[in-house]
Structure formats: structure tokens, C-alpha cells
2 protein chains.
Amino acid sequence: MEASLADLKQRLAEIDDLQRTQLLLEWDTEVWMPPSGESSRAAHLTTLETIVHERQIDDRIGELLDDVEPYAASLPGDADDACLIRAARRLWEKKRRIPTDLAAEIAGAQVESYQAWVKAREEENFAGFRPSLERMLELQRRWIECFVPYDDPYDVVLDNFEEGTKTEDVRRIFAALQPEITALVAEHANEADEDEFLRGPFAIASQETLSRELIERFGANWDAFRIDLAVHPFAAAVGLRDIRLTTRYETSDLSSLFTAMHECGHGLYEWGSAPSLERTPLQGGEASSALHESQSRLWENVVGRSLPFWRWFYPRVQEAFPDILADVSLERFHRAVNRPHRSFIRVDADETSYGLHVILRFELEQELLSGRLAVKDLPDAWNARFRELIGLEVPNDTVGVLQDTHWASGLFGYFPTYLLGSVLSVQIWGKAREALPEVEQQIERGEFTELHTWLRENLYSLGSKFSPPETIERVVGGPIDPQPYLRYLRGKLTALAAS
Amino acid sequence: MEASLADLKQRLAEIDDLQRTQLLLEWDTEVWMPPSGESSRAAHLTTLETIVHERQIDDRIGELLDDVEPYAASLPGDADDACLIRAARRLWEKKRRIPTDLAAEIAGAQVESYQAWVKAREEENFAGFRPSLERMLELQRRWIECFVPYDDPYDVVLDNFEEGTKTEDVRRIFAALQPEITALVAEHANEADEDEFLRGPFAIASQETLSRELIERFGANWDAFRIDLAVHPFAAAVGLRDIRLTTRYETSDLSSLFTAMHECGHGLYEWGSAPSLERTPLQGGEASSALHESQSRLWENVVGRSLPFWRWFYPRVQEAFPDILADVSLERFHRAVNRPHRSFIRVDADETSYGLHVILRFELEQELLSGRLAVKDLPDAWNARFRELIGLEVPNDTVGVLQDTHWASGLFGYFPTYLLGSVLSVQIWGKAREALPEVEQQIERGEFTELHTWLRENLYSLGSKFSPPETIERVVGGPIDPQPYLRYLRGKLTALAAS
């Protein structure tokens, strides 16, 4: 048995090595690769994915799992090895349903489709992206068919990002959220522009200094972290102690500060895994995109748009941009970075209306995958539903259906985890505040150590040991619940209106 | 047969994908990786090397090679497929001698040994590096023993960088060079410092602009090239159209300009491979480090230290640094960047004395690998031989035996190719000048297109199709010959002395 366990662990470690190598290539593709490197990069990623997949579905892993099953059964359910064996079996059984050819084809098609999307978006030309999107959808459908029988085709793709959550669960949660969020936006959105000061210009060097200060204060260090530029910011854990954040700067707004906090949250989650989980499928928050997003949102929004936070940080921002902010009060600034407003771009949306952007995508994804909606009709469907949900007329596809990279990259089923993450972030924050009665006073002093430590001990260190529902149960004592999130939004907006 | 050929090519293409992935990881390690990423990076490289090696030695490749051998024999010897099959067989037979464990162990040990070397060098403490160097040597000896019987253990490591060249050939060439170079240095070295203006300070932003201009002028473009910072500059072809150059800047000298030209030469070589060789073992100049170095040296020295070149470029450099260079004449500047001087650091050495630094290392490597010299005695041996060859007392190991990264990275047998490259660069330049009678006038106008095109058509496009001796024969019409190089040095130094 010991030899089988060691063999299994070695195989899983090597798969992890290859997957983190893939992450580095993907990071490099977005951050540094010269444009004409695209074709060789697609070949490299296809080859890596082929090898990863072949290794994931190796018959020998099944035999080793059978060998170690009695040992796993003898362990407490929360022992690292028990969790590892459970996760390895799930992964093996899941991946064996997918032909290696299909996995490799998806990996290669993503690079090409991404480039087509970039071009179509620049040219405001959905037709240029349509063939690629049709191909990505076709590949997704072939993926889904590997999991027959299923209750709902969307369950299959959702499972790639959120094991244990069903489409029906998401529908129920979103059904509770949507009318309430719509009402909050209607009540609090202020279309008259009182917030012109948020348009800068803000010198990029100063934004960079402030971003780095935030990341350091939140507890990251440059021995393990980097931050670089990317058109679409993301975070990648190339290793347990090799965390790559990306961001972007515009002189015309301060969204880089929120991006830095957001990506830092992802990075801290990955960085916080227990060392015993290194080079296993349990390292990092891979199992649950919603839990991952809960941490980017917790740091970006729950902390980073709170009044205590800005009591500490606003003087620094004022100091960095005295020409623009010297005469803007803390209260006015805080209101501006929280005010609901109807807008086209998801990633630029305010905290409140953000959820509506996600719900739109969740609905359209289901229709696309079920075949009820054809790709050629997607822009019209987008614009019609956008009008209903957000109340704006989309002027062109670049600020409409072409704005996100996800579908181009084959990420179907990912969007809902953004809003689930926001919901969870408030539940987790509630628990942290119970445990740390001084946390808001600490934040007001720019002290984040206790919060970071609590999150690491209670969430990050678990990595992907447990299924997401079990992790959520352990951390917040119950399932995902939209009500605390709605109370949080309502409370914040009411207070802002009164301020 | 066709199926076998396609299968063989697919296997070789995937191996190439993995090797270029390794290159990207190595590039990232030197350029961007946060320090604590080291341990996971070592694991990733070890796993990749294991997979590469397993695939290289796969029995199936041998069977496929047998299948396609009659086809290869039916082709002209210079047909791509004939060359590919020859190279694939050589590689397969060679790699099969090495156990995968050993290949993987070397890959992993390099990362650790490199870190130990960095630390030892910073601390001027050879003892801190000694255990790592002993381990690297031990691994090299195990590698060498895989190739029993051999005439000379050094032949085995030399073959990793210069197929078809024997230690005896190198000894003979170096024996012709050493006394002549020593005499030239003795005659022309000027220890009185007339060249203080070369110590700057030179603003780094201006050096960067000049470096990029040189790279563009030589024919590279930023669609395919990048240039980033690294402590030890190098070039890496991550893909046929994805060329990563690295360099470094010091305010205290202008060596960055020569580094840029040097690394650009490596990059142009890789970039110039015929597209038909992409994703095969024939892509790029892997087969011959000497030919590779001939191109870095051709652009850096033969072009980049010539009077025609500086007639074009010196006014730009003067314009960039008017405070320092306004009153320095072209002739004086040109003399300064060519003047022999005795110095400790190989990479900072002048063109003439550079060869002596290489010869020192070639001698010591042979003694280390044969076991005649123990690692503990290496610093003394270095210092004694340095005194004889260069005529200086080494003050500490950081500017002595610890200055180079090669041994720390397991690169034994690499050093001699530097000097062979310099020798070849002059032979190739001779052929180019015969073919392009206007080339010096073009260089004087900052025009490099014809030279670059000639080199691409006559050398770069060949990639590694032929064995290095055959490529050299094709390009210069004979074997490596030290005499043109000696005539070139002598001619240049005599002209400088008269100027």
C-alpha cells in the first residue's frame, strides 16, 4: 500500500507540475509573449494538455486508487491523504470520460479563438468572432456529451468550476437576488454625474505605488508575488510561493486600486494553502471558483470599498493626487466608489449592479449550450436582455457581447461563480467579524494582519481538501445564502444615501 | 511508411514543444520569477526533463526510424526529411545511453546549484559553492560514463554542444591561438587609462533606446522579439517567431550596446530557420554552439567593433551622452572599445584577450572532469593559471573562479565554443564580404539588410539540418581555421596603433 500511495502521489505531483507549467505559459501569453509567438504557443499548450490528460486518465491511477482505498477509509475524513484520495478519484473518473483528443483540441482552439475575439472586439465586428465562438460552443457540447446522462447540460460545465453546485441551485439563488438588486439599483443609481473627480487624470506611476502598497499591506510579499500588466487582469499561482498578479492602469480612473485588491485576494488564497498540500490536486482553490472569487471580492469590496478602509487609505490617495482630490471629502469619495450606476462593462460595474451583468451571462450561456439560442442571434439576445436587466441600449458589440474573454477562452459555466463569490464574501466576512471584534478598527489603521491570518487559518490553508459545499459549511456554518449579501448591499446603500 | 513518418514527426514536434516550454521556464527563472518560486520551478523543470527524456528514448522512435530509413536513403542528402531522420537517429541513439533518472536529476540539481552559486558569488565564498559543484561534476561524470568507451572524457561533454568536434581538434586550434593572442595582448595592451570616458555615467534609459535601435537596425522586429533584463544575458527561442533576448545595463559603462548586438546575433540565427524546420530537432542552431556564437560575435565584434559601424553609430551615441562624449573623437572611441587590456572578468574582456579567458576554462574543465584536479583545489589552480595566461593576481573568487554561471548550471564543455565561435565569425565574415562587396559601405550608412539576408540565406535558414562540420564546410568552404581570426586581430590592432 505504501508503495502505491507513493506512486500515486508522485503521479499527481507531476500532473500538478505540468498544470502549473501551463499556467506559466498562459500568464506569459497575456503578459509578455511577442505577438507572433501565438502559433508556437498554441502548439505548446496543446502538447502539454495532451500529456496532462493522458496522465490524468492513466489506467494505473485507477489501480493505485483501488490499492489505497482501504487506507483512505481507515483515516479521519479530514486527513490530508483521505482528502487527496477522494479528490484524485473524482478527477480520474471525471477526466476519463473525456477523450484526450477533445481535451487537446479545446486547449489549442482557445489560443486561436482568443486572438479572433481580440480582433473582433477591436473592430466592433461580432461576425469576425462568430465562427470561433461556434467552434468553442461545439467543443463544449462535445465535452458535455461525455457526461451523459445529466439533468441539465449546464450542470456539466458548472461542475468544472464549482463541484457540487447544480444549475438549479444557482437559478434559485439568482432568482432571490435579481429583483432585489434591480430595486436597489433603481433606488440608488444616480445618473447625474457628481463624481467627475474619479475621471482623473491619475498618473500611472502613482497608481502603481498605491497598488503595491495595498498588496503589501494585505500581507503579500515580493519574495513570492509579482504584479505585471495585462489587458484582462488575472492571478496565477505558478507555484505555492510563486504568485503572479496582473493589473492594468488607466489615467482616467482609479479602478487599478480595486483591481490590485481583487487580484491580491486571489493570490492570498493560493498562497495560503497548507504546505502539506503542495504539488497535489488539493493545493490552492482550484475546486471552487466561487470560493476563490469570494476572496477577491472580500478584499476588493467588503474591505476595499468600506468606510473604515478609506478612512485609512484615502489620505494617501489624496496625497498622491492632490490636484484632483484635495477638495473632495472622504465621504464624497467613499460614496463615489460605491454608488450604483447603470453601465455597459461588467468589469467596470459598481458593486451593486455587477450581479445583474452576471445574471445576464448565466442566462445566455444556458440558452447557447442548450441550443435554444444560435450564435448568430446572440448579439440581439444580449442587447434585448441587457435592456431589460440594466435598462440601457447597447450601442455596439464591443461594449456588449464582445466585452468578455471567457467564451473565447472556452470558459462556459464560469460567470455565475462571480456572483456566488460576492454572496459568499459577505457570509465569510460575517464570520471573520464575529471572530475578530476589532477588525474594523484595525482596518481603519491599515492593519490587515489579523484578518489575513483568520482567513488563512480558516479558509486558505484548506486548499481544495474538501468539496466546495463542505468547505463552505466549515467556514460559514451553512450553505450559500443570498440574504446576508442583500442585507449588506441594502445597509451600505442606505447609509450612503444618509451620509 | 507515410504513417510512420507522420508519427515520427508528431513525436519529434511534441518533444520540441516540451523543450521550448523548458526554455520559457528557464527564461522566466532568470527574468521574472520571484525568489521563493525556486523550489517549485525546480520540480517543474525536473518533471519536464523526465518527460522529454522518456519520449526521446521511446522504443517506438527506434521502430519508426527503421521504418523510414529506406525512404531517407532514397532522398538527396540535403532534403529536409533526410536531415531530420539523420538527426533524429543520432539523438535517439545518444539519449538512450542516459538513464532518465540521471537526466532528471541533472535538471533538478541545476536550479539548486545555480542558487548556491549566486549566494557564494555574492559572499565571495567558494566553500559555499563547493558541495554543489562537486555534485554537478559527479553528475557529469555519470553522464560521461554512459558513453563508454570514449577516447577522452571531454569528448563526451563537448559533443553536447559541438557534434563532430573532438577535444583534440580544440586543443590544436587553441594551441595555435594562445601564443599569438598572448603576444598581441603583450604588444597592444595599454594599462595606462586613456579611456576614462567609457566609465560614464551613462543614463540607462538612453542605453536602452540605443540598444533597441541596434536590434531593429540589424533586422529584428518587436512582433517576434523581446528584450528584458537578466543578470547574465542570454537569448532563448521560445518559438520560431518568439525570440527572447536579455541584457543588462550599468551606468558605469556602455557594454550594454555590445550585449544587445551579441544577443541579437543569437536571436537572428534562431529566427532565421527555414519555416519547414519548425517544431523539428532541426529548428534553430542547437546543433552547434560554436556556429551560434559565431553569429553573436559577428554582430557584436566583427560588425559592432568595426570602424565603419562606429562611423554610422558613434554620432548617435555622442548625441545620447553629450556631456561625456562630445569631445571624444570617433577614432579615440573606436580605439577604446577595441583596446586589449588585462582584466578579471571574461564577459567584460576585450575582443583580443577574451580568448585567453576561454582557454583557461577549457584547460581546467578537462582537469576537473578527468579527476586530475579536485574541486577543493580549483580556486588555487584557477588563480595560478590566470597569472600565467593573463598576468594578473586574482584578488578574490568572485572575480575569479566564481564569475561564471556555466559550471553551476551543469554546462561543462560549453566554454571552448565561445572561442571557436569567434574564430568562425571571422571566417564567415570573410565569405560574406566576398559576396557583398559593398557591405562595409552599407554598414557605414547603418544598413544591415544585405548582410542579414546573406547570413540568413547561407547559414541561419539551414537550422541544424547538417552536422556542424558539414554546415561549416558549406558556409566557409573548409574546416574551422584559426588563421583568419589571428590575421583579423592583428590587422585591427595594427591599424589602431597607427591611428
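Computed from a predicted structure; not experimentally measured. Here is how names work: the chains are called A, B, and so on, in the same order as the sequence lines, proteins then strands, and each is numbered from 1.
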Exercise for the section: Below 4.5 Å from any heavy atom of chain B, which atoms of A:Asp223 appear? Answer side chain, backbone, both or neither. Expected result: both
Problem - salt_bridge(B:Glu54, A:Arg55) N-O dist < 4.0 Å - result: yes
Handout entry: Pair A:Ser276, A:Asp80: side-chain N/O donor-acceptor within cut-off below 3.5 Å
Key = yes
Exercise for the section: Under 4.5 Å, counting heavy-atom pairs only, tell me which of B:Asp16, B:Leu18, B:Leu24 racks up the most with chain A. Expected result: B:Leu24
Handout entry: Atom group of B:Trp27 that falls short of 4.5 Å from chain A, counting heavy atoms
Key = side chain
Exercise for the section: Give, as side chain, backbone, both or neither, the part of A:Leu45 having an atom under 4.5 angstrom from any heavy atom of chain B. Expected result: neither
Practice task
For chain B, find which of A:Arg244, A:Glu38, A:Glu14, A:Arg279 contributes the most heavy-atom pairs closer than 4.5 angstrom.
Solution key: A:Arg244
Problem - Parallel, tilted or perpendicular: ring planes of B:His266 versus B:His262, cut at 30 and 60 degrees - result: perpendicular
Exercise for the section: Flag the pair B:Tyr460 / B:Trp271 as yes when their ring centroid distance falls below 6.0 Å, and as no otherwise. Expected result: no
Handout entry: chain B interface, residue from A:Gly37, A:Ala224, A:Ser36 that has the most non-hydrogen pairs under 4.5 Å
Key = A:Ser36
Handout entry: A:Thr29-A:Arg41 side chain donor-acceptor pair, cut-off 3.5 Å
Key = yes
Problem - A:Gln22-A:Glu26 side chain donor-acceptor pair, cut-off 3.5 Å - result: no
Practice task
Look at B:Pro35, B:Pro34, B:Gly239 and state which one has the largest set of heavy-atom pairs under 4.5 Å with chain A.
Solution key: B:Pro34
Problem - Contact origin within A:Ser39 toward chain B - heavy atom pairs under 4.5 Å - result: side chain
Exercise for the section: Between chain A and each of B:Asn221, B:Ile51, B:Val238, count heavy-atom pairs under 4.5 Å; write down the option with the most. Expected result: B:Ile51
Practice task
Compute whether any side-chain donor of one residue and acceptor of the other, for B:His292 and B:Glu286, lie under 3.5 angstrom apart.
Solution key: no
